[in-house]
Amino acid sequence: MLDKAQQIARDGVKAALEAGATAADAVYSDNHALSVSWRQGKLESLESSQSSDLALRVLYGKRQVVVSSTDHKKESLEDMARRAVAMARLAPEDPYCGLADPSQLARDFPSLEMADAYDLNPEVLMSRARQAEESAMSVEGVSLCDSTGAGGGVSHVEFANSAGFEGAYRQTHYGVSAAVLAGQGTLMQQDYDYQTKVFQEDLEGASMTGLRAGQRAVAALNARRMKTSKTSVVFAPRVARSLVGIFAGAINGSTVARGVSFLKDKLGQPVFPKEITLIDDPLLRRGLRSRLFDGEGLAVQKRVIADQGVLQTWLLDLSAARQLGMESTGHAARGGSGVPYPSPTNLYVQAGDASPDALIKDIRSGFYVTELMGDGVNGVTGDFSQAARGFWIEGGQIAFPVHEMTVAGNLKDMFACLRAADDLVFRYGLNAPTLRVDGMVVAGT
């Protein structure tokens, strides 16, 4: 498969150059996926998909376009390349576009265990989905398992450019999910759980996914609304990761170059307490976002993004780096039909020293958030306001469920007083332990 991908990518680049492009790169991807959905003891859906696509970026001086096609015959690629070059001649100039210098290109590719043998069949997936549902329904108080699912996929990717770079990788992923309802009528509560792994053998038993979803839904029953107050807010790991995502957006080099980030003037300055360190690691073994090279063929490396609270770097691709007068950090990502853009890989907050219980022990009255809803983040000002639910903290302990609440603050202030627990687990692409923020506005009744 990789040999075929390599030839298609090469043919795309060659066709672009022969059509008059001054430079070109190509990303060929071949993807297979299989998934099932299970509901009320029956198979609801079984889906299998296969796709292959070539995304060709054509540069004509300082003008560029990206085109894509699922037809990879040589004559079709040549026709696509001619049309792309004609489009590029008319495209607006972009003084910051262009391929990497050959000296920047990745040469050594470590073994990151990005894929297993990919042995999947519908019976295995149906068994996992059924186990998740049965486990969820075994929880007392669960009234309905809305749906469970299981699936997996494999991708083969080849990247080539006219500067002489060629790189390829194979990547697998597997997952199990469950969505559960507890209670009756208007008092019903819904919750969920899911897991995703690169290697099939790393999946927990599917029953654990259903069990956690069921327990979370039941725990949310009889939720209350609390009076508006200013207090400490503790974010459970599955929502704490959203703060990591917001931070990643604020240090995205493209955003910084446009001057629309609330952290645009903070490079080299403290943005977190000295106890907080953030790391981005594209070389994480079996990491969900691990990669051998970035979307422009550059070498990647583990980087400390914030060291003891001090912001060390932006996330940069070549274009953003040129705009800011800096060097790319190897964070370029590629979509199927777009130009490269900066994006984090396995970004996480390092674990702190205190347990989650110790983190909330001195909170007389506060909010433990398990779910955030809506889009209430202003990336320019840092203002943050989102609907939330979870549990109320009283006397340093989680006391009872609450819902229909809003948490609000400014992200600069939130980051400046962030505290981390010791329960970091790598479950997602962006990860964080339990995080505490003091002095937030919690709005309810």
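Note that the coordinates shown come from a computational prediction; the quantities given were computed from them, not determined experimentally. In this chain, numbering begins with 1 at the start of the sequence shown.
The side-chain tip of Arg224 points at the ring of Phe400 from less than 6.0 angstrom away and within 45° of straight on.
Surrounding CD of Glu140 are at most 12 heavy atoms belonging to other residues, nucleotides or ligands under 6.0 Å away. Within 6.0 Å of CG on Asn121 lie more than 12 heavy atoms contributed by other residues, nucleotides or ligands. Residue Asp353 places its CG atom among 12 or fewer non-hydrogen atoms of other residues, nucleotides or ligands, all under 6.0 Å distant.
A donor-acceptor pair is defined here as one N or O able to donate and one able to accept, closer than 3.5 Å; no such pair exists between the side chain of Thr228 and the backbone of Ala443. Using a distance-only test at 3.5 Å, with no hydrogens or angles considered, a donor-acceptor pair links the side chain of Gln269 to the main chain of Asp265. With Thr172 contributing its side chain and Val154 its backbone, the two residues share no donor-acceptor pair below 3.5 Å. Using a distance-only test at 3.5 Å, with no hydrogens or angles considered, a donor-acceptor pair links the side chain of Gln104 to the main chain of Asp101. In this structure a side-chain-to-backbone donor-acceptor pair under 3.5 Å is present from Ser328 to Gly330. Looking at Ser319, its side chain never comes within 3.5 Å of a backbone N or O of Cys97 through a donor-acceptor pair.
Under the 3.5 Å distance criterion, with hydrogens and angles disregarded, no donor-acceptor pair is assigned to the side chains of Ser290 and Arg286. With no hydrogens or angles considered, a side-chain donor-acceptor pair links Ser127 and Gln131 at under 3.5 Å. A donor atom on one side chain and an acceptor atom on the other are found under 3.5 Å apart for Gln195 and Thr209. Side-chain contact of Thr70 with Asp53: a donor-acceptor pair under 3.5 Å is absent, judged by distance alone. Ser155 and Asp30 are not linked by any side-chain donor-acceptor pair at a separation below 3.5 angstrom, with hydrogens and angles left out of the test.
Between Val142 and Leu181, every side-chain heavy-atom pair lies at or beyond the 4.5 Å cut-off. Contact check for Val234 versus Leu435: no side-chain heavy atoms found under the 4.5 Å cut-off. Using a 4.5 Å heavy-atom cutoff, the side chains of Ile251 and Leu311 are in contact.
For Tyr194 and Tyr428, the gap between ring centers is short of 6.0 Å. Taking the six-membered ring for Trp, Phe415 and Phe384 have ring centres at least 6.0 Å apart.
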Checklist entry - Passes ring pair (Phe, Tyr, Trp, His ring centres under 6.0 Å), Phe165 versus Phe293? Steps please. => result CA-CA 11 Å; Phe165 177 81; Phe293 47 87; 5.2 Å; yes

Checklist entry - Do Glu327 and Arg322 pass the salt bridge (Lys or Arg N to Asp or Glu O under 4.0 Å) test, and can you show the C-alpha distance, the side-chain angles, and the key distance before you say yes or no? => result CA-CA 7 Å; Glu327 295 292 327; Arg322 289 165 182 152; over 6 Å; no

Next on the checklist: Pair Lys62, Glu93 - check salt bridge (Lys or Arg N to Asp or Glu O under 4.0 Å), show working.
Outcome noted: CA-CA 5 Å; Lys62 287 298 180 179; Glu93 284 198 354; over 6 Å; no

Next on the checklist: Applying salt bridge (Lys or Arg N to Asp or Glu O under 4.0 Å) to Asp281 and Arg289, what does each step give before you reach the verdict?
Outcome noted: CA-CA 9 Å; Asp281 188 3; Arg289 294 187 178 182; over 6 Å; no

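For the side chain to side chain donor-acceptor pair (under 3.5 Å) condition, the pairs that include at least one residue of residues 212-221, sequence neighbours left out, are Asp193-Arg212, Asp193-Arg216, Glu204-Arg212. Under the side chain to side chain donor-acceptor pair (under 3.5 Å) criterion, the residue pairs touching residues 238-250 are Asp191-Arg238, with sequence neighbours excluded.
Under the 30°/60° scheme for interplanar angles, the aromatic rings of Phe272 and Phe247 are found to be tilted.
Nearest heavy atoms, Phe159 versus Arg334: CE1-NH1, 3.5 Å. Minimum interatomic distance between Arg427 and Asn431 (heavy atoms only, all atoms of both residues): N-OD1, 2.9 Å.
Taking 4.0 Å as the cut-off between side-chain N and carboxylate O, Arg57 and Asp25 count as a salt-bridged pair.
Across Leu243, Leu278, Ile279, a single residue satisfies side-chain contact (heavy atoms from CB on, under 4.5 Å) together with Val349, and that is Leu278.
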